[in-house]
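Counting convention: from 1, in listed order, for ligands and their atoms alike. None of the values given here were measured: they were computed from a predicted structure.
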Amino acid sequence: MASADIGVYGLGTMGSALALNLAGKGFTVTVTNREIDWIAPFMAEAEELSARIVPQQTLAGFVAELKTPRVILFMIPSGAPMDAMIDAVTPLLSEGDTIIDGGNADFHDTRRRAQAMADTGLHYVGMGVSGGEAGARTGPSMMVGGTDHSWQQLRPMVEAIAARYRGAPCVAHLGPDGAGHFVKTVHNGIEYADMQMIAEIYGLLRDGDHWDAPRIGALFAHWNEGPLESFLTAISARALMALDAETGQPMVDVIADRAGQKGTGRWTVIEALKLGQSASTIEGAVAARAWSAEAEARRMAETLYGPETGPLNLSEETLESALMAGRILSHAQGFRVLDAASDLYDWSLDPARIAEIWRAGCIIRSALLDDLAAAFRSDPPQGHLVLSDGIAARLAVAIPALRQTVAAAVTAGLPVPALSGGLQWYDSLTRARGTANLIQAQRDFFGHHGFERIGAEGTFHGKWG
Ligand code: 6PG
């Protein structure tokens, strides 16, 4: 007899944590895994929650355990494994059933799969889940795409397990097909930018002012009590203050300076460019991770050119404000990309709602997001966050500090790709007359591409001689 409200396929870190969270909220969960020997250890870990968890060894048994219409959450690697899983499971399903992909999937795949399933009576949901293992276990932020039918099925369960911000669950149905996964991708892009900008400030203090890691950590912990309060500020402070048990040195000093990436930050940049947008803070962060991988070339170049580093002479308050400006600008860029995608794919994304569900549970949760939600509720002109009065007032204070910081870093020879990318965007955006008139002239000069003329309709050509 079918007993389960939901099935969780995939008992890796995130799948296990979500299954336990669901069981803890009173739902009956059936679980299974490709490698069936993962199931027994998971059941042992579930302890008293195992009373509401029904393990199944086969896909057929797993599907049969679900009440209809069924809801199955897949927490498996994205890409080809998900396509193979869809092929395997769909013959076992019936009309009205919903498959959820809770991984960090490419939203193009999600759109393709949702469209392929559209005429079958089955429903495909791409759901971004943020917050890491702890979030998944105790309250993630979730960004749901897909049909209204699926949302009605899922809603009681995801609202029960989500993080809460002043009592409101941090989960929303954001739009059809790939909307949820796209919003999660941009969330991750902002995550990359924020991590990078924090690391850039760390680099300025370490290499410019020769502060040791615990001192920088203590400063970040202090900032975390003010407007910069966020999960990423807090964990950076703790990471910088942690000591290595083996050597007694700061942990960060025994960690290699090479950061990997699974791809969502890069996807954000690629999609931004395809949408005619620029997310220069995120691009700076993705590029910095790429350069970090070239450790040997950096070592040789340092020997060849020497590290050109001079003193910074920036106050702690200036650095704090600069980071705040960078954080506002990276969010403004991310939301601009969301707006452009919403137009192209006809998703009707609600930026205020997105800011609201990012206020708790997810990796980029911060005090700032509540202000951004309010700014979007006030309906900024053309959806541009930087044009909202509240944000403009904050940038008016923070931009001079960002400018001072980037200028000092450039003069001292210290890299700040994300912070400077944000400033370049701001400086371009705040000039009513830019320099693309010369670009138009150049294009017409060498390629007869034509240009628009001020105060006239149509395309014109110059007599360039
Ligand atoms: C989250 C995170 C998570 C992501 C990691 C690692 O919201 O919980 O974004 O989904 O997988 O942050 O991402 P990278 O390996 O690309 O840094």
Novice: Quick one: look up the protein heavy atom nearest atom 7 (O) of ligand 1 and list residue, atom name and how far away it is.
Specialist: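 Checking every protein heavy atom, the shortest distance to atom 7 (O) of ligand 1 gives S130 OG, 2.5 Å.
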Novice: State plainly whether the residues D209 and R215 are in salt-bridge range, i.e. N to O under 4.0 Å.
Specialist: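 Between R215 and D209 there is no salt bridge, as every charged N stays at least 4.0 Å from the carboxylate O atoms.
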Novice: How close does the nearest protein non-hydrogen atom get to atom 16 (O) of ligand 1, and which residue and atom is it?
Specialist: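 Checking every protein heavy atom, the shortest distance to atom 16 (O) of ligand 1 gives Y192 OH, 2.5 Å.
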Novice: If you count the atoms of ligand 1 from 1 in the order shown, which ones are under 4.0 Å from a heavy atom of I363?
Specialist: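 Near I363, the atoms of ligand 1 are 1 (C), 2 (C), 7 (O), 8 (O).
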Novice: Between F335 and F376, how do the two ring planes meet: parallel, tilted or perpendicular, split at 30° and 60°?
Specialist: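 Tilted.
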Novice: So which heavy atom on S236 is nearest to which on L232, and how close?
Specialist: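 It is OG-O, 2.6 Å.
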Novice: When you check the side-chain N and O atoms of E271 and H108, is any donor under 3.5 Å from an acceptor?
Specialist: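 Looking only at side-chain atoms, H108 and E271 do form a donor-acceptor pair, the distance falling under 3.5 Å.
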Novice: Have a look at E133, M143, H187, K262 and point out the one with the heavy atom closest to atom 6 (C) of ligand 1.
Specialist: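 When every heavy atom of E133, M143, H187, K262 is considered, K262 comes closest to atom 6 (C) of ligand 1.
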Novice: Does G265 have a non-hydrogen atom less than 4.0 Å from ligand 1?
Specialist: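 No, G265 has no heavy atom closer than 4.0 Å to ligand 1.
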Novice: What part of R289 sits under 4.0 Å from ligand 1 if we count only heavy atoms: the side chain, the backbone, both or neither?
Specialist: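 Within the 4.0 Å criterion, R289 contacts ligand 1 through side-chain atoms alone.
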Novice: G260 versus ligand 1: do any nitrogen or oxygen atoms come within less than 3.5 Å of each other?
Specialist: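 No, there is no polar N/O contact under 3.5 Å.
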Novice: How far is atom 9 (O) of ligand 1 from its nearest protein heavy atom, and which residue and atom is that?
Specialist: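 It is E191 OE1, 2.6 Å.
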Novice: If you look at every heavy atom in E200 and A418, which pair is closest and at what distance?
Specialist: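 For E200 and A418, the tightest heavy-atom pair comes out as OE2-N, 2.7 Å.
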Novice: What are the atoms of ligand 1, with element, lying closer than 4.0 Å to any heavy atom of G132?
Specialist: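 Near G132, meaning under 4.0 Å from one of its heavy atoms, ligand 1 has 8 (O).
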Novice: From the options V186, L338, L273, select the one residue that forms a side chain to side chain contact (heavy atoms under 4.5 Å, CB included) with T268.
Specialist: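 Testing each of V186, L338, L273 against T268, the sole residue satisfying side chain to side chain contact (heavy atoms under 4.5 Å, CB included) is V186.
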Novice: Is it true that G131 lies under 4.0 Å from ligand 1, counting heavy atoms only?
Specialist: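 Checking ligand 1 against G131, which is what was asked, there is a heavy-atom contact under 4.0 Å.
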Novice: I want to know if ligand 1 touches N104 in the polar sense, i.e. an N/O pair below 3.5 angstrom.
Specialist: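 In this structure, N104 places an N or O atom under 3.5 Å from an N or O of ligand 1.
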Novice: Search all heavy atoms of F42 against all heavy atoms of A19 and return the closest pair with its distance.
Specialist: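 That closest heavy-atom pairing would be CZ-CB, 3.9 Å.
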Novice: Using only heavy-atom distances, determine whether the side chains of T281 and S330 contain a donor-acceptor pair under 3.5 Å.
Specialist: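 Per modelled atom types, T281 and S330 side chains form no pair under 3.5 Å.
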